[in-house]
Each structure stands twice: as structure tokens, then as C-alpha cells.
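As C-alpha cells, the structure follows; a few thoughts come after it.
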Amino acid sequence: QVQLVESGGGLVQAGGSLRVSCIASRRTFSWYRMGWFRQAPGKEREFVAAITMNDDSTYYTDSVQGRFTISRDNAKNTVYLQMNSLKPEDTAVYYCAAATSGLYYPNLQHSYDYWGQGTQVTVSS
């Protein structure tokens with residue numbers, strides 16, 4: 001079992017920056033492919049970004065490309081999502097997720113085995 005705990009959400013003005021973090025409970029974190037998803041009120045949860053085990057590849061949804069950066073620190077069992085130039089439409093609960101095995105499609109929720117509880121990000125206009 002893997003526990004994921006997000007932190008770092010909050011309220012920020014449009015154009016501002018925020019970094020959310022997700023720490024995993026298992027030392028085998030370095031084996032996991034990690035993703036960030038978000039869910040806005042009244043909308044389905046959607047893919048934001050993902051990163052493979054050794055930072056070899058990162059993936060982003062088009063709407064955040066160039067503004068968000070996903071990174072990881074395997075020594076700290078932590079994955080980060082740096083969000084710059086935030087827009088009101090980025091307002092959502094942000095979830096991190098871990099893919100521990102099996103076929104992996106970074107943007108598909110069913111690729112991920114474990115999920116955090118989420119952290120709220122609110123961008124005011």
C-alpha cells in the first residue's frame with residue numbers, strides 16, 4: 001500500500017505562482033511513475049502532468065504546457081508541480097497519483113494505482 005499526501009495548495013491571484021507537493025509513504029517511490037490530475041467544480045477529473053521514474057520523460061496537457069513544471073526528488077519521496085502564470089481556469093483540487101506497475105499511459109487515470117486526497121488551488125481574477 002502506498003499513501004500519497006499532497007500539500008502546498010492555496011489562494012493566489014491570476015498571474016501568480018504556486019508549488020504543490022506530494023510525498024509518498026514508500027521507499028520504492030523511485031520506481032513509480034507519478035502524475036498530477038485536477039478536478040474543477042462540476043467537471044471531471046483531468047490529466048495535468050506526469051513524470052517517469054528517472055525524469056526521462058515528462059508529459060503535460062496542452063493547457064498547462066509552458067506554465068507548469070513537474071519534477072521529482074526520489075531521495076525525498078516527493079513529486080512537485082510548479083505552477084506559474086496561473087489563470088482562474090486552473091482553479092481545482094489537485095491530486096497526485098502513482099503508477100506502480102503495468103501498462104502505463106501517462107494521461108489515463110486507470111494507469112494509476114494510488115491517489116492522494118487532493119489539495120485545493122484557487123486562482124482569483
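Not measured: the values here are computed from a predicted model. Sequence positions, counted from 1, serve as the residue numbers for this chain.
The two residues Thr119 and Gly9 come nearest to each other via the heavy atoms OG1-N, 3.2 Å. Between Leu81 and Ala49 the shortest heavy-atom distance is CD1-CB, 4.1 Å. Scanning both residues, Ala92 and Tyr94, for their nearest heavy atoms gives O-CD1, 3.4 Å.
Rounding to the nearest 0.5 angstrom, the gap separating the CD atom in Gln13 from the OG atom in Ser125 is 9.5 Å. Atom CG of Asn74 is separated from atom CE of Met34 by 10.0 Å, given to the nearest 0.5 angstrom. The structure places OG1 of Thr78 at 10.0 Å from CZ of Arg72, a figure rounded to the nearest 0.5 Å.
Legend: salt bridge (charged side-chain N to carboxylate O under 4.0 Å, His left out) pairs involving residues 88-111, not counting sequence neighbours, sorted by first then second residue: Arg38-Asp90, Arg67-Asp90. Judged as a salt bridge (charged side-chain N to carboxylate O under 4.0 Å, His left out), not a single pair has a partner in residues 98-115 (not counting sequence neighbours).
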Under the side chain to side chain contact (heavy atoms under 4.5 Å, CB included) criterion, do Val2 and Tyr32 qualify, and how do the steps go?
CA-CA 10 Å; Val2 178; Tyr32 306 156; 3.3 Å; yes

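In this view, Thr122 and Gln120 satisfy the side-chain hydrogen bond (donor to acceptor under 3.5 Å, both in side chains) rule, not counting sequence neighbours. With sequence neighbours excluded, the residues forming a ring pair (Phe, Tyr, Trp, His ring centres under 6.0 Å) with Phe37 are Phe47, Tyr112, Trp115, listed by chain and number.
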Side-chain polar contacts of residues 14-25 - donor-acceptor pairs under 3.5 angstrom, sequence neighbours left out - could you list them?
| residue | atom | partner | partner atom | Å |
| --- | --- | --- | --- | --- |
| Ser17 | OG | Asn84 | OD1 | 2.9 |
| Ser25 | OG | Gln3 | N | 2.8 |

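Residue Val5 is not grouped with residue Tyr114 when hydrophobic side chains (ILVMFWY) are merged at heavy-atom distances under 4.5 angstrom, including chains of intermediate members. At a threshold of 4.5 Å between side-chain heavy atoms, the hydrophobic network of Ile, Leu, Val, Met, Phe, Trp and Tyr places Ile70 and Tyr95 in two separate groups. Two different hydrophobic clusters hold Val121 and Tyr80 under the rule that ILVMFWY side chains link at heavy-atom gaps under 4.5 Å.
Hydrophobic side-chain contacts under 4.5 Å tie Leu108 into a cluster, directly or through other members, with Leu103, Tyr105.
The main-chain N or O of Arg45 is found under 3.5 Å from a side-chain atom of Gln109 such that the two form a donor-acceptor pair.
Considering only heavy atoms from C-beta on, Met83 stays 4.5 Å or farther from Val12 through its side chain.
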